[in-house]
Amino acid sequence: MADIHELSAVELRDALRSGELSARAAADHFLDRIEAQNPHLGAFITVTAEQARKDATAADRRYALRSRNGRALVPLHGMPVAFKDLTDVAGVLTTHGSAALERKPALTDGAVPAALKAAGVLSLGKTQVPEFGLTAYSENRIAPPSRNPYALSRSSGGSSGGSAAAVAAGLLPFAPGSDGGGSVRIPAAACGLVGLKPGRGLVPAGESSGDPAQLVVAGPLARSAADAALLLDALVPGPDNQGAGGPGMGGRAHASYLELTAREPRPLRIGISLDSPWQTKFPFIPDSEALDALADGISRLEAAGHEPMEAAIRYDNRYPDAFTTAWTAGIGGARISPQREALLTPLTRTFRRRAQQRSAAKLNESLGFLRQFQQDTIVQYAPWDLIVTPALAQTPRPVGWFTGGTHGGGYWPAAEWAGDADGDYRKQCEYAPWSSMVNVCGLPAISIPVHWTGGAPGSGLPMGIQLIGPMGSEGLLLQVAAQLGF
């Protein structure tokens, strides 16, 4: 058998279920890799090694008992994962990436950990995030920044940046992320992974408190479409509506997303678009590497029998202000004592102050606009089966680039944050201009790593395409990703 971390998530699942590999052996292997690599990678804020080993030993005991009595195993028996540190895991600190919050262990599991633990996973810890998940990079004031495994001077993206770095570096077989404005797809693209944002309501929302526009949804980060499908299957209830996600979620009418990835999709009409709702407020020119990735993606789609064609999408220029109002509304109500507000990053502090000063009428006006934007955009997408865009407009950015800081290997001292919140935010919108409108529309989308700046997989930096589908097209998106070889 190959080294454990070289197995795909599906292969590791099979080895654990067959008894070829014990849960304790798998947990020990990944914990050893985390211990060796996390100091320079910054993927984890907290490693719960002792608890993980206890849970793995208990999983092996259950396996032995079920082998004797013939009972079925849970779907993800013994599979190691980690949760981004915006998500509560019982007994573990939830930092939200902030120095301004008091340190208290969570009393109960959040929706995503509860669903995946019910499916049999073992948690190895909590991964690095930006403060309150607000940014497209995973840097904060409480732990070293999350770095890109393919170039440690570069960011792994955000807000699921620590999880993406861990999967790409072989510290985890796959990981759940959450996506409120691109937070699964951005780090997936930066780290050369498949990242799926499901449609609104399909899976547990994750850390969605203070999310009045219902932007946030949980989704998988994985090295392949099949691995992403395996994790999605554990989050979404099956036809009996009693899967790991629990009753009351969106559910699925088919047996398995993993099974769907083995089937060829029908030929599709795919609209090609570089249009962005941010381009009127923040005019940008995509890097040549982003355009190369789009061209590679289009060539692959054509070779697979699909019909890509230009699609002109018109976005209302009121979108940037409305989205920003909704996106930052939650931080205004976060429970932070006045004495600790100075510990917030400049971006968080600035947007928190603006959210607190904004009237309820202004927020409601923005939410009403976004609902209309959703309807108008879905109508414009309707002539095509899928829409394709670059995943990012630029290559993965250097660590410290967004904040204007000069950061070495340790924590971020307050003096090293430049304090230009608006410049920081503009850079993020220019970096990932095709992400947030998908959340506003509630649609599924997937990031696929079709291009490497060095010309061959694993050389240079990864770049990807994004495919956007209609509601209920998660299976189709995974099929296309698998068809393209991912």
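Counting begins at 1 with the first residue of the sequence.
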Q) Given side chains that start at C-beta, do those of Leu93 and Ile45 come closer than 4.5 Å, heavy atoms only? A) no
Q. Just checking, is any N or O donor in the side chain of Gln214 or Asn439 under 3.5 Å from an acceptor N or O on the other one?
A. no
Q.
Using only atom types and a distance under 3.5 Å, with no angle test, would you say the side chain of Asp287 pairs donor to acceptor with the backbone of Glu289?
A. no
Q: Please lay out, stage by stage, how Leu392 and Gln466 fare under the test side chain to side chain contact (heavy atoms under 4.5 Å, CB included).
A: CA-CA 8 Å; Leu392 299 171; Gln466 172 182 237; over 6 Å; no
Q) Any Lys/Arg nitrogen of Asp227 or Arg13 sitting under 4.0 Å from an Asp/Glu carboxylate oxygen of the other? A) no
Q) Backbone N or O of Gly42 within a donor-acceptor pair of the Arg147 side chain at under 3.5 Å? A) no
Q | Interatomic spacing from CD in Gln394 to CG in Leu461 - rounded to 0.5 Å | A | 12.5 Å
Q | Side-chain touch Tyr381/Pro470, heavy atoms, less than 4.5 angstrom | A | no
Q: Return the minimal non-hydrogen interatomic distance between Leu484 and Arg300, and the atom names on each side.
A: O-NH1, 3.3 Å
**Q.** Distance (rounded to the nearest 0.5 Å) between Gln356 CD and Thr328 OG1
**A.** 11.0 Å
**Q.** Flag for Thr325-Lys362: side-chain donor and acceptor within less than 3.5 Å
**A.** no
**Q.** N/O donor-acceptor pair under 3.5 Å between Glu131 side chain and Thr345 backbone
**A.** yes
Q: Go through Tyr315 and Trp278 one step at a time and tell me if the ring-ring contact (aromatic ring centres under 6.0 Å, His included) criterion holds.
A: CA-CA 9 Å; Tyr315 295 111; Trp278 294 98; over 10 Å; no
Q. Looking only at heavy atoms, which two atoms of Ala164 and Leu221 are closest? And how far apart?
A. N-CD1, 4.1 Å
Q: Considering non-hydrogen atoms only, spot the tightest contact between Tyr319 and Ser436 and give its length.
A: OH-OG, 2.7 Å
**Q.** Heavy-atom pair with the smallest gap, counting every atom of Ile186 and Gly158
**A.** CB-O, 3.8 Å
Q: Answer yes or no: is there a side-chain heavy-atom contact under 4.5 Å between Leu232 and Leu196?
A: yes
Q) Can you find a heavy atom in the side chain of Thr87 that is under 4.5 Å from one in the side chain of Thr94? A) no
Q) Looking only at atom types and distance, does a side-chain atom of Arg335 sit under 3.5 Å from a main-chain N or O of Leu101, one as donor and one as acceptor? A) no
**Q.** For Ala99 against Arg141, the heavy-atom pair lying closest together
**A.** CB-CB, 4.4 Å
Q: Would you mind checking if Asp85 and Lys126 are paired as a salt bridge, meaning a charged N to carboxylate O distance below 4.0 Å?
A: yes
Q.
Run the side chain to side chain contact (heavy atoms under 4.5 Å, CB included) test on Leu76 and Phe174 for me, step by step, so that the C-alpha distance in whole Å, both residues' side-chain angles and the decisive distance to 0.1 Å come before the verdict.
A. CA-CA 12 Å; Leu76 297 182; Phe174 54 18; 4.3 Å; yes
Q) Hey, is Arg314 close enough to Asp376 for a salt bridge, meaning N to O under 4.0 Å? A) no
Q. Does the pair Trp401 and Tyr137 meet the rule for a ring-ring contact (aromatic ring centres under 6.0 Å, His included), with working shown?
A. CA-CA 9 Å; Trp401 185 82; Tyr137 55 91; 9.4 Å; no
(Q) Strictly distance-based, threshold 3.5 Å: is any side-chain N or O of Asp385 a donor or acceptor partner for the main-chain N or O of Arg269? (A) yes
Q: Please name the residue in the list Ser156, Ser160, Ser138 that meets the side-chain hydrogen bond (donor to acceptor under 3.5 Å, both in side chains) test with Ser146.
A: Ser156
Q. Could you go step by step and tell me if Phe369 and Asp321 meet the side chain to side chain contact (heavy atoms under 4.5 Å, CB included) rule?
A. CA-CA 10 Å; Phe369 168 80; Asp321 290 340; over 6 Å; no
Q | Euclidean distance, Cys191 SG relative to Asn148 CG, rounded to 0.5 Å | A | 4.5 Å
(Q) Pairing donors with acceptors under 3.5 angstrom, does anything connect the side chains of Thr261 and Arg263? (A) no
Q. To the nearest 0.5 Å, what is the distance between CD (Gln380) and SG (Cys441)?
A. 9.5 Å
Q: Look only at the side chain of Asp233 and the backbone of Tyr257, and say whether a donor-acceptor pair between them is shorter than 3.5 Å.
A: yes
Q.
Between Thr350 and Arg352, is the side chain to side chain donor-acceptor pair (under 3.5 Å) condition met? List the steps.
A. CA-CA 5 Å; Thr350 298; Arg352 174 175 169 82; over 6 Å; no
**Q.** Evaluation steps, ring-ring contact (aromatic ring centres under 6.0 Å, His included), between Phe373 and Phe323
**A.** CA-CA 10 Å; Phe373 177 92; Phe323 175 82; 9.5 Å; no
Q.
Do Leu477 and Leu386 make a side-chain contact, defined as non-hydrogen atoms from C-beta onward lying under 4.5 Å apart?
A. yes
Q | Over 12 non-hydrogen atoms of neighbours within 6.0 angstrom of CD1 in Ile378 | A | yes
(Q) Considering only residues two or more places apart or on different chains, which pairs with a residue in residues 100-109 satisfy side-chain hydrogen bond (donor to acceptor under 3.5 Å, both in side chains)? (A) Asp109-Lys117
Q. With distance as the sole test, does Ser473 use its side chain to make a donor-acceptor pair with the main-chain N or O of Leu476 at under 3.5 Å?
A. no
Q | Check: Glu264/Gln483 side-chain N/O donor and acceptor closer than 3.5 Å | A | yes
Q.
Quick one: does any side-chain atom of His451 pair with a main-chain N or O of Asp296 as donor and acceptor, under 3.5 Å?
A. no
Q.
Check this for me: does any side-chain nitrogen of one of Arg353 and Glu341 sit under 4.0 Å from a carboxylate oxygen of the other?
A. no
Q | Interatomic distance, Ser178 atom OG to Leu215 atom CG [nearest 0.5 angstrom] | A | 11.5 Å
Q. Are any of the side-chain heavy atoms of Trp434 and Leu274 separated by less than 4.5 Å?
A. yes
Q. Quick one: does Asp88's side chain get under 4.5 Å of Pro113's, heavy atoms only?
A. no
Q.
Minimum heavy-atom separation for Lys197 and Leu443, please, with both atom names.
A. NZ-O, 2.7 Å
Q) Can you find a heavy atom in the side chain of Phe83 that is under 4.5 Å from one in the side chain of Pro176? A) yes
**Q.** Check: Gln428/Asp424 side-chain N/O donor and acceptor closer than 3.5 Å
**A.** yes
(Q) Any side-chain to backbone donor/acceptor pair from Trp384 onto Ala311? Under 3.5 Å, distance only. (A) no
**Q.** Between Thr127 and Ser163: side-chain donor-acceptor atoms closer than 3.5 Å
**A.** yes
(Q) Given 3.5 Å as the limit, does a donor-acceptor pair link the side chain of Gln128 with the main chain of Pro144, or not? (A) yes
Q) Looking at residues at least two apart in the chain, or sitting in another chain, which of them share a salt bridge (charged side-chain N to carboxylate O under 4.0 Å, His left out) with Arg349? A) none
Q | Pair Ser183-Lys84, side chain to side chain contact (heavy atoms under 4.5 Å, CB included): steps then yes or no | A | CA-CA 11 Å; Ser183 292; Lys84 59 190 289 191; 4.2 Å; yes
Q: Would you check, one step at a time, whether the test ring-ring contact (aromatic ring centres under 6.0 Å, His included) holds for Phe402 with Tyr425?
A: CA-CA 8 Å; Phe402 292 98; Tyr425 190 64; over 10 Å; no
